[in-house]
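Encoded as structure tokens, the structure appears first; notes follow it.
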There are 2 protein chains.
Amino acid sequence: MPKVSTRNRIIQKADTLFYEVGFEATSFADIAAALGLSRGNFYHHFRTKDEILDAVIAYRLDKTWAMLSAWEDTSPAPRNRILCFVRILIVNRDKIMAFGCPVGTLSAELAKLNHAAHGRATEIFALFRDWLTSQFRALGAGKQAEAHALHVLSWSQGVASIAAAFRDDAFIHREAAGIADWLDTLKLQGD
Amino acid sequence: MPKVSTRNRIIQKADTLFYEVGFEATSFADIAAALGLSRGNFYHHFRTKDEILDAVIAYRLDKTWAMLSAWEDTSPAPRNRILCFVRILIVNRDKIMAFGCPVGTLSAELAKLNHAAHGRATEIFALFRDWLTSQFRALGAGKQAEAHALHVLSWSQGVASIAAAFRDDAFIHREAAGIADWLDTLKLQGD
DNA sequence: TGGAGATTAGGACGTTTGTCCTAAATTAGT
DNA sequence: ACTAATTTAGGACAAACGTCCTAATCTCCA
């Protein structure tokens, strides 16, 4: 059995805590205690909090890229691929209602902290944006492809935000269906 | 001249710092130093951080209520009133691109902290939701009024989130126009 | 004018924070 | 089996945190 390295266990636990508690509110001790590690051991792998943050962002970028690639393999039609993205809202709705969107809330927190890693956190958004853009291009959206991509990204962000505030399950389902409907009303093929 | 009380100066500065830096990341000392107050003076007005938070939320509720009331007075048509709400995105776009939406980001942070005040923070959202609902009802949206209200609220949240991530000014204008367009496509009068 | 109450100043407390250090234990290669 | 490198343990540090305290100052009404 491939034992997960301590370093990776730290990254995954930090990923979870940064999402569920927040970056600033999560301390070294919290992560170490959650894993049963000594602080010295922890320090051997990550010397500063920013190093962990960078590792977590890189980890999220990898996971996101892998997920998008998988959708390309399993869903031939661009429309279905976009609906895979929308389905994130449904699949993860419990976590979203409790903690919001992991990408959006981290980006917002780092922006307020004026943190150097804000740019890297935004790369996760950029990954989704570019992937969605290429799907819309494949659908024939032409020059509007990126605007459509940002629109869908923004839509999902808004849903996550409001769903978290009101803990409203029905709202998520309704808006997810709304995105699908909107997709069908698009005037496509070409500018 | 009506001198602003120390208590109100604290509330307003805390309001700003909670928005621009975050609740958790703003310390007593930060607020006191920004106002040139001693910590003892500060402590006389607010004994705990939660007390300041409650006061800031109450202050925001008051400001929001006053803003919505003013729109009722100056804009007779419900459609125009809704557009007043949308225009917040344009008017405050510089702050939104830097710090996101004050309501959404505070709500998200308190949710992660599992803070008792999360419910009260959500009341600001509820204020907007109920006001928008009554505007849509006046437009003849019937049973769908609240769904429309949440949709607009969610839409603006998404725009703030993405605009903050990418610092994208054009996107804000494009989406604000998109909300106005969507308003006109609504099938109204009747449930 | 005097005295009560509100306001301000600033020191002090115990914790927790991120960071750093040394030393023991484990692992890996020869 | 011996060495070298990696990993783990846990103590120590200054700084900052929220909170509390007492003493000085100001304000205002009797």
Side-chain angles (χ1 to χ4, degrees), chain A residues 1-57 59 106 109-110 112-118 120-121, chain B residues 1-57 59 106 109-110 112-118 120-121:
Chain A
M1 56 184 177
K3 169 166 130 356
V4 180
S5 72
T6 300
R7 182 186 160 86
N8 281 339
R9 292 205 306 141
I10 291 175
I11 292 174
Q12 287 171 31
K13 183 58 76 177
D15 179 34
T16 301
L17 289 174
F18 287 176
Y19 175 35
E20 299 185 355
V21 184
F23 168 68
E24 180 88 350
T26 299
S27 70
F28 275 68
D30 290 336
I31 306 172
L35 292 170
L37 298 178
S38 66
R39 281 158 299 140
N41 189 0
F42 196 103
Y43 184 70
H44 174 256
H45 292 284
F46 296 99
R47 309 181 86 76
T48 70
K49 214 177 167 185
D50 291 354
E51 275 184 37
I52 315 177
L53 179 57
D54 282 342
V56 166
I57 293 175
Y59 173 70
L106 180 64
E109 184 180 1
L110 295 180
K112 283 181 199 288
L113 295 175
N114 222 345
H115 197 288
H118 175 252
R120 288 207 28 92
Chain B
M1 56 184 178
K3 168 167 133 351
V4 180
S5 71
T6 300
R7 181 187 161 86
N8 282 339
R9 292 204 306 140
I10 291 176
I11 292 174
Q12 287 170 32
K13 183 59 76 176
D15 179 33
T16 301
L17 288 175
F18 288 176
Y19 176 35
E20 299 185 356
V21 184
F23 168 68
E24 181 87 350
T26 299
S27 70
F28 274 69
D30 290 336
I31 306 173
L35 292 170
L37 297 179
S38 66
R39 282 159 297 138
N41 189 359
F42 196 103
Y43 184 70
H44 174 258
H45 293 283
F46 296 98
R47 310 180 87 74
T48 70
K49 215 178 168 185
D50 291 354
E51 275 184 36
I52 314 177
L53 180 58
D54 282 343
V56 166
I57 292 175
Y59 173 69
L106 180 64
E109 184 180 1
L110 295 182
K112 283 180 201 287
L113 295 175
N114 223 345
H115 197 290
H118 176 252
R120 286 207 29 92

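Residue numbering restarts at 1 for every chain, and letters A, B, ... go by the order of the sequence lines.
- A cation-pi arrangement, defined by a distance under 6.0 Å to the six-membered ring centre and an angle within 45 degrees of its axis, is present between B:Lys49 and B:Phe23.
- Residues B:Ile11 and B:Phe46 have side chains in contact (heavy-atom distance under 4.5 Å, counting atoms from C-beta outward).
- Contact detail for A:Ile57 and A:Ala121: the closest heavy-atom pair is CD1-N, 3.9 Å.
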Checklist line | For DNA chain C, the dot-bracket pattern of Watson-Crick and G-U pairs whose distances stay under 3.5 Å, | for other-strand partners | finding: .||||||||||||||||||||||||||||.

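- For B:Phe28, counting side-chain heavy atoms from C-beta on, the closest listed nucleotide (C:dG10, D:dA9, D:dT19) is D:dT19.
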Just the atom pairs and distances: protein N or O near nucleotides 25-27 of chain D's N or O, under 3.5 Å.
none

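- Atom CZ in A:Phe23 sits roughly 11 Å away from atom C1' in C:dG18 (whole-Å rounding).
- Within residues 40-52 of chain B, the residues approaching DNA chain C are B:Gly40, B:Asn41, B:His44, B:His45, by heavy-atom distance under 4.0 Å.
- Atom CG in B:Leu53 sits roughly 13 Å away from atom P in D:dG18 (whole-Å rounding).
- Between the P atom of D:dT8 and the CZ atom of A:Arg39 lies a distance of 16 Å, rounded to the nearest Å.
- Applying the ring pair (Phe, Tyr, Trp, His ring centres under 6.0 Å) test to B:Tyr43 and every residue at least two apart in sequence or in another chain returns nothing.
- Within the 4.5 Å cutoff, the side chain of A:Ile31 has no heavy atoms near those of the A:Leu37 side chain.
- Residues B:Val21 and A:Lys112 have side chains not in contact (no heavy-atom distance under 4.5 Å, counting atoms from C-beta outward).
- Taking CD from A:Glu51 and CG from A:Leu53, the interatomic distance works out to 11.0 Å, rounded to the nearest 0.5 Å.
- By the 4.5 Å heavy-atom criterion applied to side chains, B:Phe28 and B:Ile52 are counted as neighbours.
- The separation between B:Ile31 atom CD1 and D:dT19 atom P is 11 Å, rounded to whole Å.
- In this model, the phosphate group of C:dT8 is approached by a side-chain N or O of B:Thr6 to a distance below 4.0 Å at OP1 or OP2.
- Among residues two or more places apart in sequence or in another chain, the salt bridge (Lys or Arg N to Asp or Glu O under 4.0 Å) test is passed with A:Arg9 by none.
- One finds a side-chain N or O of B:Ser27 lying less than 4.0 angstrom from the OP1 or OP2 phosphate oxygen of D:dC17.
- Between B:His115 and B:Asp50 there is a side-chain heavy-atom pair separated by less than 4.5 Å.
- Within the structure, salt bridge (Lys or Arg N to Asp or Glu O under 4.0 Å) contacts touching residues 12-31 of chain B (residues at least two apart or in different chains) are B:Asp15-B:Arg60, B:Asp15-B:Lys63, B:Glu20-B:Lys95.
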